[in-house]
Amino acid sequence: MTSAPLLELSEVGKNFGGFAALKAVSFTVPTGGITGLMGPNGSGKTTLFNIISGFIAPSNGTVAYRGKAIGHQSVQERSLDGLVRTFQTPKVFERLTVVENVMTGAYKKTRSGLMAGLLNTPASRREIDATREAALATCRKFDLGAVAGKQASLLPAGQRRLLELARAYQGDPQLLLLDEPSSGLTTTEIEAMTDKLRLIASEGITILIVSHDMDLMGIAENIHVLDFGRIICSGSMAEVQENTAVREAYLGV
Amino acid sequence: MPISLTRRTVLGAMLAPAIIRPTLGHAAEPIRLGAILSATGPGAGVGLPQRNGVLLAVKAINEKGGIAGRPIELLVEDDGSNPDAAVTKANNLIFSQKVKAIIGPTLTASTLSVGGVADPEKIAVMPFTGLGLEMEKQRRSVFHMLPTQDLNARALLEFVTKNMKTRKVAVLHDSAYGNIVMTKLKEVNATYNVDFVAAEKWEVGATDVTTQAAKIKATAPDVVLVIGNSATPFRNLRQIRMNAPLMSALGTASYEYVRAMGDAADNIIFAEFLVAEDPLPYQKDFVETFHKEYDTFPKTMEASAWDAVHAVAAGIAKAGPDATPAAISDAIRGPYAGAMAKFDFSAPDLTGLSLSSYVYSKLEKGKFTRVPFTAGQ
Amino acid sequence: MSMMLLAQACATGITNGLIYALVGLGMAVIFKGSRLINAMHGELAVVGAATAVYCVEIAMWPTWLAVTMGMLIAMVLSTLVDIGLVRRLFNRNAREESFLLLTVGLGFTFSAAVLYVFGREEHLLPAFGDEIYEVAGAIIREQTIWIVGIAAFILIGLKLFYKYTDFGLAMMAASIDPDGAATTGINVRLMRTATFALGGLMAAVAGLLVTPMIGVSYQMGPILTLKGFAAAVLGGLTNPLGALVGGITIGLLESLSIVYISSGLKDAVALSVLIVIMILVPDGILGRSGRKGG
Amino acid sequence: MKYSGYILLAIVWLALPFVLERHAIDLLVFCGFYAVAGAGVGFLLGQGGIVNLGQAAFYGLGAYSSAYCTVQLGLPAPVGILTGVVVSLCLAFLIGRPILRLSGYFLALATLALGIICSNLFYEAEFITGGTLGIPGVPKLSVLGFALDTPTKFYFLIWPVAVLCVLSMRSLMSSRIGLAMQAMRDAPEAAMVLAIDISRLKLWMFLISSVLGSVAGSLFAHYVGFVNVDSFGVERSIFFLLVPVIGGAASPAGVLVGALFVGLVPEALSVLGDIHRVLFGLALVATVVFFPDGLIGLLKRLADTCIPARRQALKMEQSR
């Protein structure tokens, strides 16, 4: 492992028409551990996530992942390189079962093609069975074992978040981008979520969390605060909480 | 449903039930005939008049005591102007209902598809179309009730060159039937040498053909041949002040189309077979019977349908009521003098119509008059 | 190519385009208020027009009364469809294809009912006026000018309605964010019913306006729906002005391909261009307002 | 006992030709064509959320390829069928790549346009299609020297083909690619994040659908013996879309039931006279209102309540 950061943003900006959603954002995410990105609504967090995951291109600046600029790469290519995200409103595959949802997470690790599927070849069957077993194990790991056979559309909000997390986990991410993973959850659900995040991080997966939830942010070792399209402060939770600019902008004091 | 029942009686034949059973009093076993007509879809404009003619003919024959004392039972099927549906209907009539002969279909494509099923069984088919493809000549039990498109094309150009004495002709035709006639017009033009200054097409079901009409107007023709089953092109031509005479084939020569043409129904010539307001001697009986039944005048389609049923009846009478369908086909294969014209079903084109049997009519202010002109002389 | 022909082709293209646009406008209104494609829209237009024809020709009513009756019947029918059927499907969160099947099935039913009650003939209604104008050699009928005027009136009316009236705003809110709208006290179901009533009315207006030009018959519904659908989608679906632009685009494409390419290839050419336009401008001609298309 | 329902169905299927008249078998054969072509549309709709209003184009390409190759070129039937498949694949590939970038109703409109364009070209390319006169005399298909010249014989070809299509669709659905396709349908962005190549999967689905349309068209041409433009219009495309929607698009087997519905119900109602069209429309409406998962959903529910073994299994699942 080199000492270079896993993800490095330098001078990233994004204009929508005349509106500058992001102005020259720079920060780094080191390999390993949990990094937080905070900011009030409309501060540009989701835009930033969309840029990192490849859904939109930045107007200027560069995004480097594992030391290489990835501006030209598609969402899928970034995912293949281990960069996986979740969404602010969980996007589960409604008409698939929970375990099938998790199985799709392993899509990039498996190989069966179209013809194998159409012809139902033994190799394809073997592969899908193995995928299912692995996915079931993951389901259990994320407390979804009991609902594994249920259709995802029937899940309550808390389990949807967990399912999205489990699905992303199943694809062996190196950098996991989580967009508001606690929003809409009850306190107990947030606690469960926090536990799972720690568990994932303990396996060596780097996590970048976007949230404005102070409690959840407690697990982040390093926090960047975004406001009006720029980073106004970086540091540990304690440092951030002491920062006057943050208090003004974010806590509304 | 009381409402639908009253409608049913008001609209009479139009909504008649699918099976026409002989009225009570006939003790003898009925002779079963089938009919495949386009009562819906684009072909309905000609299919419905045909249905009226067919129903009337069956009724008239049964009133006169049927065929050799046995009444006709008619099964009427609607192919929805679709050749696949026509095959299904033909399969039903031939194999399940065991009809002796089939009246119809209405459209060329359905004729080809039904012929493929019926001809191997040697069941007589009496389609209201002209011979379409060369290979149909081999289908010796498919007797066409209307002239070939070749003859239709000649009949049009005869009138253009010999009566109107002009050569500057434009054609506005549809993509189906009209397209076939257009092909034939070009072929037979070797003899007539007219100058086709424009040939424009509209797709079946088009709601507006004004642009095609404008293109034709721009070439300033002396006469426009309008060929296809729709009133729209007539209206559109007149709306943009295209005032040259129009000429059309027999499909559009009906009172229903005339009504749909509105003000445009003026100065139009038809190459057809029957002007009921002024019928030829051999047509009078039919016109009177029709008028008595429906209180309207028949046109070519009704006459052709009447003839189809009567030709089959004559064939059955000749072959005997218990004859096989093949024997009935053989009996039909010969000359038949009908109300529409004189047929000869043994002719190579399985119709035997000639240019001289055409009757030309002129539509003026919504009224048909017979034009004293005989083609082919 | 003479100027006169070009002028006539453009005039005809625009006239036909306006017809498509009028149908498309109604479909856009229904989409805007319910997120549904109303596949029975053409049939509603036919029902409205056929009712008016029936009242004029058989019941011998004065034209204005017959026309009002036509609009009323289509409106009532459309409203009943919402209350009786669409509402049920919404209640159980039915999928898009269910609504499509519902409206296709109703379209079948309506057109068959028109056939059964009204017959197979094609009927014309008297035009608003019989004047004929000549512009640059092109013949333009007075009816066309009425259609232009009424289309413009409807468009401005809709714009004002959606922008400035509480009812219009509520209708829009109810469709874009039903849950949010409900929390602010908007009766979402009522708004959708109002949308369907408005859509039915607009369908009838379209049918009544075009009947003097193209004649109404039971089998005209699907072609009106298809062309209206194309106009509405091309315009971005939620934008009534887009439907107008979309309709005229299609009308002109058809007309010009007849003049410059071939009348036989009219549909092939016009629709190929349509596909190309859609690929180049995937949100509809009028841009971002069409985002909600999918 | 798990398979008792299927065994019963198979017995009924085998017995039908010996019980029904030729006309009914003829209708069932047509239902088979609808099932195969509809399976393609249903696959796109159910697994991809794509509304395909242009299936008649591929149905037509298959039919014309078969008719042209066998009648005009005198080639054997399999060559015609294969030509149809290749031509359809090429068209689907060329047109699919650009239009599949569209979504929702924009894509539906593009497929509709494709259907109309092809129908227009079928009219115009008279030198191949014969225009309105069409191509008559398409030879009957024969399998291993056994001529399929009656509805009954064809019935024993087309329905196994249809069932085979459904089985492959089912097997695909539960495979890796099939799961990815369904994922793409439910949440395309989330699928992209899992490295699922959406545009490629959509294209594959479109290709599969086009092949099924083409094969159905080829078989249709050989069965009817006559190919004509009137069979490949927009109405036919809408008809093909109705097949899975009525049957239930979520389940591949839905098309089998849907095809029986659209093939038999209008014919059964037609004995009632002109009112039958109104009734058919109402039947469509009733289906969508009362059977949310299509007719196959209804059948499944019936099976769940009627067949003891299934009832047992259901109970166990509920108690879990």
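First the proteins, then the strands, lettered A, B, ... as listed; each starts at 1. This one's a predicted model, so the numbers in the text were calculated from it and none came from an experiment.
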(message) Using a 4.5 angstrom heavy-atom cutoff, name the option from C:S98, C:G264, C:S272 with the most pairs to chain D.
(response) C:G264
(message) Less than 3.5 Å apart, any donor N or O on the side chain of C:T193 or C:D82 sitting next to an acceptor on the other?
(response) yes
(request) Please report the shortest heavy-atom distance between C:V269 and C:I261, naming the atom on each side. (result) CG1-CD1, 3.6 Å
(message) Are there residues of residues 250-258 of chain D whose heavy atoms fall under 4.5 Å of chain C's heavy atoms? If so, which?
(response) D:A250
(message) For C:F99 and C:F90, take the angle between the two ring planes, folded into 0 to 90°, and tell me which bin it lands in: parallel under 30, tilted 30 to 60, perpendicular over 60.
(response) tilted
(request) With a 4.5 angstrom heavy-atom cut-off, could you sort out which part of D:L45 is near chain C: side chain, backbone, both or neither? (result) side chain
(request) Name the region of D:A110, side chain, backbone, both or neither, that has any atom closer than 4.5 Å to a heavy atom of chain C. (result) both
(message) Could you check whether C:Y116 and C:Y218 have their ring centres less than 6.0 Å apart?
(response) no
(request) Heavy-atom distances under 4.5 Å only: say whether D:L282 touches chain C with side chain, backbone, both or neither. (result) both
(request) Might you point out which heavy atoms bring D:L109 and C:M278 nearest each other, and give the distance in Å? (result) CD2-SD, 3.8 Å
(request) Specify the closest pair of heavy atoms between D:P244 and D:G42, including all atoms of both residues, with the distance to one decimal. (result) CB-CA, 3.3 Å
(message) Tell me which of these, C:L100, C:L106, C:L265, has more heavy-atom pairs under 4.5 Å with chain D than the rest.
(response) C:L265
(request) Heavy-atom pairs under 4.5 Å with chain C are the metric here; pick the option from D:L53, D:V278, D:I95 that has the most. (result) D:V278
(request) Using non-hydrogen atoms and a 4.5 Å limit, figure out which bit of C:L89 sits close to chain D: side chain, backbone, both or neither. (result) side chain
(request) Heavy atoms only, distances under 4.5 angstrom: which of D:V51, D:L114, D:V234, D:I116 has the most pairs with chain C? Name it, please. (result) D:I116
(request) Could you check which of C:I275, C:L101, C:L85 has the highest count of heavy-atom pairs closer than 4.5 Å to chain D? (result) C:L101
(request) Let me know if D:F280 has heavy atoms under 4.5 Å from chain C in its side chain, its backbone, both or neither. (result) side chain
(message) Quick check on C:L274 against chain D: is it the side chain, the backbone, both or neither that has a heavy atom closer than 4.5 Å?
(response) side chain
(message) Can you tell me which portion of C:A230 sits under 4.5 Å from chain D's heavy atoms? Options are side chain, backbone, both or neither.
(response) both
(message) Would the distance check show the side chain of D:S65 and the main-chain N or O of D:L61 forming a donor-acceptor pair, the cut-off being under 3.5 Å?
(response) yes
(request) Go through the atoms of D:L241 and report whether side chain, backbone, both or neither lie under 4.5 Å from a heavy atom of chain C. (result) side chain
(request) Name the orientation class of the two ring planes belonging to D:F122 and D:Y64 (parallel below 30°, tilted from 30 to 60°, perpendicular beyond 60°). (result) tilted
(message) A quick test of your reading: do over 12 heavy atoms of other residues, nucleotides or ligands sit less than 6.0 Å from CZ of D:R97?
(response) no
(request) Please look at D:V289 and chain C and tell me whether the side chain, the backbone, both or neither of the residue comes under 4.5 angstrom of a heavy atom of that chain. (result) both
(request) Can you label the angle between the C:Y54 ring and the C:F118 ring as parallel, tilted or perpendicular, going by 30° and 60°? (result) tilted
(message) Within this structure, what is the CG-OG distance for the pair C:L44 and C:S111, rounded to the nearest 0.5 Å?
(response) 11.5 Å
(message) Please identify which of these residues, D:I198, D:L201, D:I196, D:L44, meets the side-chain contact (heavy atoms from CB on, under 4.5 Å) condition with D:M181.
(response) D:L201
(message) Is it the case that the side chain of C:S255 and the backbone of C:A9 share a donor-acceptor pair, with hydrogens and angles ignored and the cut-off at 3.5 Å?
(response) yes
